[in-house]
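Report on the following structure.
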Amino acid sequence: MSHQLTHQENTFTGKKFPITVICDHLDSPANQGALFRVCEAFGVKEIIFYGNTIDIRSSRLKRTARSTEKQIAYSCVSDLEDVLATLQKSNTQLIGLEITSNSKPLQQLSLSNDKNIAIVLGSEKHGISAELLSQIDSIYHIPMFGTNSSMNVIQSAGIALYAVTNKVTS
């Protein structure tokens with residue numbers, strides 16, 4: 001009979017991917033904490049919070065992060081231009097996760113084997129800003145089959161990270 005494994009019985013091997021997650025005004029401490037947790041689960045190299053600072057001591061952030069905020073490099077920036085220039089110099093493909101007039105379904109994701117990856121996530125209320133969208137190499141959306149036009153940004157991040165890491169490892 002099968003049983004649920006404990007943390008000590010877990011046989012997953014740690015792995016880091018050349019993936020950066022950029023957050024455009026992600027405001028909720030619960031979402032910030034959950035982002036640390038999902039990024040750690042998928043071996044993300046770093047998280048960049050743009051447009052706002054985060055309170056890493058927030059009890060809500062800590063509860064949802066479950067100590068993963070101590071395991072992933074992160075920074076808070078108020079000017080994204082330098083960050084984008086640095087990423088472009090380091091041969092990084094900028095991927096936006098947003099529903100737009102020209103976004104492609106996530107299952108059509110195309111990655112270059114020789115590039116690092118940066119996934120751009122938008123704010124809970126407004127998504128990725130028009131200014132930032134114009135600087136992204138490719139934009140993908142998650143096809144949805146219900147009547148709602150959006151889903152939680154962290155759920156979307158988890159789905160996108162699953163798709164990206166599967167492409168990188170296959």
Side-chain angles (χ1 to χ4, degrees), residues 15-52 54 61 64-65 68 72-81 83-88 90-170:
K15 183 173 183 178
K16 286 283 185 189
F17 291 95
I19 300 172
T20 299
V21 172
I22 300 172
C23 304
D24 183 7
H25 291 84
L26 187 68
D27 292 325
S28 162
N31 281 338
Q32 293 164 351
L35 184 65
F36 276 106
R37 192 167 176 189
V38 76
C39 284
E40 193 282 328
F42 283 104
V44 168
K45 180 179 72 171
E46 69 176 322
I47 303 171
I48 299 172
F49 293 95
Y50 162 62
N52 58 336
I54 63 170
L61 184 150
T64 54
T68 55
I72 291 197
Y74 72 93
S75 60
C76 299
V77 300
S78 57
D79 181 10
L80 202 54
E81 294 304 315
V83 171
L84 294 176
T86 300
L87 289 171
Q88 289 168 340
S90 67
N91 200 29
T92 300
Q93 180 178 354
L94 291 171
I95 298 170
L97 189 59
E98 186 69 78
I99 299 172
T100 69
S101 57
N102 64 346
S103 58
K104 298 176 194 162
L106 187 58
Q107 57 266 41
Q108 293 178 14
L109 178 66
S110 177
L111 300 174
S112 299
N113 291 337
D114 62 337
K115 290 192 173 199
N116 297 319
I117 300 156
I119 299 174
V120 181
L121 306 173
S123 75
E124 295 91 343
K125 292 181 184 174
H126 305 292
I128 301 172
S129 68
E131 177 187 353
L132 185 51
L133 271 175
S134 69
Q135 300 178 62
I136 294 173
D137 299 320
S138 50
I139 303 168
Y140 293 92
H141 65 266
I142 299 165
M144 296 184 295
F145 305 100
T147 58
N148 192 2
S149 64
S150 68
M151 69 174 69
N152 177 274
V153 64
I154 305 309
Q155 293 169 338
S156 299
I159 293 167
L161 287 168
Y162 179 80
V164 168
T165 54
N166 273 312
K167 290 270 186 187
V168 172
T169 58
S170 58

Exercise for review: Working to the nearest 0.5 Å, report the span between OG of Ser150 and CD of Glu98.
Suggested key: 9.5 Å

Review point. Okay, side chain of Ser103, backbone of Tyr140: is any donor-acceptor separation there less than 3.5 Å?
Key: no

**Study point:** Heavy-atom pair with the smallest gap, counting every atom of Glu46 and Ile72
**Key:** CA-CG2, 4.2 Å

Scan the side chains in residues 115-123 for donor-acceptor partners under 3.5 Å anywhere in the protein, sequence neighbours excluded, and list what turns up.
from	atom 1	to	atom 2	distance (Å)
Asn116	ND2	Ser90	O	3.0
Ser123	OG	His126	N	2.9
Ser123	OG	Gly127	N	3.4

Point to revise | Over all atoms of both residues, closest heavy-atom pair of Gly96 and Ile128 | key: CA-CD1, 4.1 Å

Check your understanding: Does a side-chain heavy-atom distance below 4.5 Å link Leu80 with Ile22?
Key -> yes

Review point. Hey, mind stepping through His25 and Tyr50 against side chain to side chain contact (heavy atoms under 4.5 Å, CB included) and telling me if it holds?
Key: CA-CA 6 Å; His25 291 84; Tyr50 162 62; 3.8 Å; yes

Practice item. Decide if atom CD of Glu131 counts as having more than 12 heavy atoms of other residues, nucleotides or ligands within a radius under 6.0 Å. Key: no

Study note, to complete from the structure: From the list Asp79, Leu87, Thr86, side-chain contact (heavy atoms from CB on, under 4.5 Å) partner of Val83 resolves to Leu87

Practice item. Heavy atoms only: give me the nearest Cys39-Val21 pair and the separation to one decimal. Key: SG-CG2, 3.8 Å

Practice item. Report, as yes or no, whether the 6.0 Å neighbourhood of atom CG on Asn102 holds more than 12 heavy atoms from other residues, nucleotides or ligands. Key: yes

Point to revise | From CD1 (Ile48) to CG (Leu26), nearest 0.5 Å | key: 13.5 Å

Exercise for review: Would you indicate whether Lys16, at its atom NZ, is surrounded by more than 12 heavy atoms from other residues, nucleotides or ligands within a distance under 6.0 Å?
Suggested key: yes

Exercise for review: Rounded to the nearest 0.5 Å, what's the gap from CG on Leu35 to CZ on Phe49? Could you check?
Suggested key: 5.5 Å

Point to revise | Side chain proximity check, Ile142 to Met151, heavy atoms < 4.5 angstrom | key: yes

Review point. Tell me, do Lys167 and Leu109 make a side-chain contact under 4.5 Å, heavy atoms counted?
Key: yes

Check your understanding: Are the side chain of Thr64 and the backbone of Ala30 linked by a donor-acceptor contact shorter than 3.5 Å?
Key -> yes

Study note, to complete from the structure: When every non-hydrogen atom of Asp27 is compared with those of Gln32, the smallest separation belongs to O-NE2, 3.5 Å

Point to revise | Atom pair OH/SG of Tyr74 and Cys23 - distance to nearest 0.5 Å | key: 13.0 Å

Revision key, fill the gap. Interatomic distance, CD1@Ile136 vs CD@Gln93, rounded to 0.5 Å, equals 11.5 Å

Check your understanding: Can you check whether Ser149 reaches Ile99 side chain to side chain, under 4.5 Å on heavy atoms?
Key -> no

Practice item. Please examine the side chains of Glu124 and Asn31, heavy atoms only from C-beta on, and report whether any two atoms are closer than 4.5 Å. Key: yes

Review point. Are any non-hydrogen side-chain atoms of Ile95 and Asp137 less than 4.5 angstrom apart?
Key: no

Practice item. With sequence neighbours excluded, tell me which residues meet side-chain hydrogen bond (donor to acceptor under 3.5 Å, both in side chains) with Gln155. Key: none

Check your understanding: What distance separates Ile19 CD1 from Thr92 OG1, expressed to the nearest 0.5 Å?
Key -> 11.0 Å

Practice item. Taking the side chain as every heavy atom from C-beta outward, state whether Asp114 and Asn91 have any atom pair closer than 4.5 Å. Key: yes

Exercise for review: Go through the steps to decide whether Ile159 and Leu106 satisfy the test side chain to side chain contact (heavy atoms under 4.5 Å, CB included), and finish with yes or no.
Suggested key: CA-CA 9 Å; Ile159 293 167; Leu106 187 58; 3.9 Å; yes

Exercise for review: Walk me through it: do Phe36 and Phe42 pass the test ring pair (Phe, Tyr, Trp, His ring centres under 6.0 Å)?
Suggested key: CA-CA 10 Å; Phe36 276 106; Phe42 283 104; over 10 Å; no

Exercise for review: Compare all side-chain heavy atoms of Pro105 with those of His141 and state whether any distance is below 4.5 angstrom.
Suggested key: yes

